[in-house]
Amino acid sequence: MKKITSITSRAKQRMALVLDNNETVDFTLYYLPRQQGWFYNFTYKDLTVNCSKVVLTPNSLRQFRKIIPFGLSFVADGYVEPFSIDDFSTGRVVMYVLNSDEVKQVESEIFND
């Protein structure tokens with residue numbers, strides 16, 4: 001798992017996530033104050049996903065596990081969903097990029113798939 005440490009408290013952030021196979025994912029993380037929540041968009045090759053809500057989960061991209069070689073995990077202190085603009089910058093919520101082996105491990109150990 002690769003911990004993403006560059007997330008700040010800015011309401012909109014764009015970054016390139018570099019995967020273990022040296023491919024990149026165009027990733028945008030943004031905060032919506034009226035929703036009191038964080039959301040993300042990403043593009044990987046021909047796949048674009050928009051307006052996914054950040055929730056605490058071992059793999060937020062589980063539904064794409066058979067078509068992309070990575071996953072996203074969000075964890076938090078106290079198991080409280082992200083709701084504040086500074087949740088990532090304070091370290092209360094952390095985002096990890098999973099490689100394909102880690103996605104398979106999550107499937108096996110957590111979802112018994």
Side-chain angles (χ1 to χ4, degrees):
M1 288 190 293
K2 185 186 302 182
K3 182 178 181 179
I4 305 302
T5 60
S6 58
I7 301 172
T8 68
S9 59
R10 288 188 329 238
K12 186 172 184 182
Q13 303 172 57
R14 186 172 179 190
M15 59 193 84
L17 303 177
V18 179
L19 305 178
D20 283 358
N21 61 8
N22 289 324
E23 294 178 320
T24 59
V25 178
D26 184 24
F27 187 81
T28 303
L29 182 69
Y30 55 98
Y31 182 78
L32 297 177
R34 286 186 172 214
Q35 299 290 324
Q36 287 189 320
W38 284 93
F39 296 81
Y40 64 88
N41 306 333
F42 76 88
T43 299
Y44 172 75
K45 294 186 178 182
D46 294 333
L47 176 67
T48 297
V49 175
N50 291 314
C51 202
S52 290
K53 188 170 185 356
V54 173
V55 295
L56 304 181
T57 180
N59 185 6
S60 183
L61 303 179
R62 183 170 189 251
Q63 65 269 32
F64 305 108
R65 70 189 175 279
K66 295 184 180 179
I67 58 175
I68 60 173
F70 67 96
L72 295 175
S73 177
F74 296 97
V75 296
D77 291 341
Y79 305 105
V80 175
E81 298 288 338
F83 66 91
S84 176
I85 196 164
D86 66 355
D87 279 339
F88 287 100
S89 63
T90 63
R92 190 185 78 75
V93 177
V94 178
M95 179 177 126
Y96 294 94
V97 178
L98 310 173
N99 64 30
S100 59
D101 290 336
E102 292 162 337
V103 169
K104 289 175 189 170
Q105 183 179 1
V106 165
E107 285 302 308
S108 172
E109 294 179 9
I110 296 176
F111 297 109
N112 296 317
D113 189 18

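Partners of Asp77 according to the side-chain hydrogen bond (donor to acceptor under 3.5 Å, both in side chains) rule, which considers only residues two or more places apart in sequence or in another chain, do not exist here. By the side-chain contact (heavy atoms from CB on, under 4.5 Å) test, Glu109 is found to be paired with Gln105, residues two or more places apart in sequence or in another chain being considered. For the side-chain contact (heavy atoms from CB on, under 4.5 Å) test, residues two or more places apart in sequence or in another chain that qualify with Ser6 are Ile4, Met15. Arg10 meets the salt bridge (Lys or Arg N to Asp or Glu O under 4.0 Å) test with no other residue; sequence neighbours excluded. Contacts of Val54 classified as side-chain contact (heavy atoms from CB on, under 4.5 Å), with partners at least two apart in sequence or in another chain: Leu29, Trp38, Tyr40, Phe74, Pro82, Phe88. Residues satisfying the side-chain hydrogen bond (donor to acceptor under 3.5 Å, both in side chains) test with Thr48, not counting sequence neighbours, are Thr43. Applying the side-chain hydrogen bond (donor to acceptor under 3.5 Å, both in side chains) criterion to Tyr30, with sequence neighbours excluded, gives Asn41. Evaluation of the side-chain hydrogen bond (donor to acceptor under 3.5 Å, both in side chains) rule for Lys3 yields no partner, not counting sequence neighbours.
Using a 4.5 Å heavy-atom cutoff, the side chains of Thr24 and Leu17 are not in contact. Side-chain contact check for Gln36 versus Tyr31: some heavy-atom pair is nearer than 4.5 Å.
Applying the salt bridge (Lys or Arg N to Asp or Glu O under 4.0 Å) definition to pairs two or more places apart or across chains, those involving residues 46-64 are Arg62-Glu107. The ring pair (Phe, Tyr, Trp, His ring centres under 6.0 Å) contacts involving residues 91-113 comprise nothing, where partners must be two or more places apart or lie in separate chains. For residues 22-36, the set of pairs meeting the salt bridge (Lys or Arg N to Asp or Glu O under 4.0 Å) definition, not counting sequence neighbours, comprises Arg14-Asp26, Glu23-Lys45. Annotation: ring pair (Phe, Tyr, Trp, His ring centres under 6.0 Å) contacts involving residues 41-73, sequence neighbours excluded, comprise Phe42-Phe70, Tyr44-Phe70.
Closest of all the heavy-atom pairs between Asn59 and Gly71 is OD1-CA, 3.3 Å. Across all their heavy atoms, Glu81 and Leu56 have their closest contact at OE1-N, 2.9 Å.
By the rule that hydrophobic residues join a cluster once side-chain heavy atoms approach within less than 4.5 Å of another member, Val75 and Phe39 end up as members of separate clusters.
Not a single donor-acceptor pair under 3.5 Å links the side chain of Gln13 to the backbone N or O of Ile7. Under a 3.5 Å cut-off, the side chain of Lys2 and the backbone N or O of Asp20 do not form any donor-acceptor pair.
Rounding to the nearest 0.5 Å gives a distance of 9.5 Å between OG of Ser73 and CD of Glu102. With values rounded to the nearest 0.5 angstrom, Gln63 atom CD is found 8.0 Å from Ile68 atom CD1.
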